[in-house]
Amino acid sequence: PGATSCSACGRGMYSFEMASVCTDCAPGKASDQEGVSLCTDCTAGKYTSTSGQLSCQICPAGTDDVKSSTSCAPCAPGTIPAGDTCQDCGKGKYAE
């Protein structure tokens with residue numbers, strides 16, 4: 001028999017309209033609310049390395065998130081640690 005009511009997707013998951021299942025938020029995204037249609041991208045200096053996360057983790061000091069916010073890596077040459085992210089060296093300055 002078919003469902004008689006709709007259920008909200010749990011935290012760390014999302015679904016589109018007329019979905020029959022919920023999908024875990026992808027690495028680099030998170031959702032701490034139920035019943036969402038999209039997960040939120042991790043902001044600069046934060047990451048999630050696995051799917052279905054409720055929140056993004058802060059990168060350790062001296063590191064920054066890499067493409068798609070799925071992991072953290074040491075600050076690249078030409079950048080320096082600045083709080084929870086890496087900052088570019090200005091003109092006329094450098095960092096190895």
Side-chain angles (χ1 to χ4, degrees):
T4 58
S5 64
C6 297
S7 300
C9 292
R11 299 181 325 155
M13 305 178 90
Y14 73 97
S15 72
F16 298 115
E17 190 171 4
M18 296 180 58
S20 59
V21 296
C22 296
T23 304
D24 284 345
C25 295
K29 299 175 182 287
S31 174
D32 63 355
Q33 297 178 9
E34 293 183 350
V36 299
S37 59
L38 291 173
C39 297
T40 304
D41 292 334
C42 294
T43 57
K46 296 184 177 182
Y47 75 102
T48 61
S49 59
T50 57
S51 59
Q53 297 301 304
L54 307 183
S55 64
C56 298
Q57 304 300 309
I58 296 173
C59 289
T63 66
D64 199 5
D65 62 290
V66 293
K67 187 176 183 178
S68 301
S69 298
T70 58
S71 63
C72 297
C75 292
T79 67
I80 57 170
D84 61 358
T85 188
C86 298
Q87 175 181 330
D88 294 343
C89 291
K91 293 179 182 178
K93 299 181 179 180
Y94 77 100
E96 296 180 358

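In this text, all values refer to a predicted model and were calculated from it rather than measured experimentally.
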J.: How far apart are the closest heavy atoms of C59 and D64, and which atoms are they?
T.: SG-C, 3.7 Å

J.: Test your reading of the model: is there a side-chain donor-acceptor pair from D65 to the backbone of C72, 3.5 Å cut-off?
T.: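 No, because the side chain of D65 does not come within donor-acceptor range (under 3.5 Å) of the backbone of C72.
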
J.: Between S51, S68, S71, which is the residue that forms a side chain to side chain contact (heavy atoms under 4.5 Å, CB included) with P27?
T.: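 With P27 as partner, side chain to side chain contact (heavy atoms under 4.5 Å, CB included) holds for just one option, S51.
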
J.: Tell me which donor-acceptor pairs under 3.5 Å the side chains of residues 8-20 have, and how far apart each pair is, sequence neighbours excluded?
T.:
none

J.: Say you draw a straight line from NZ of K46 to CD1 of I58; how long is it, rounded to the nearest 0.5 Å?
T.: 5.0 Å

J.: Nearest 0.5 angstrom please: I80 CD1 to K93 NZ, how far?
T.: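 Answer rounded to 0.5 Å: 8.5 Å.
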
J.: Working to the nearest 0.5 angstrom, can you tell me the gap between L54 CG and C39 SG?
T.: 10.0 Å

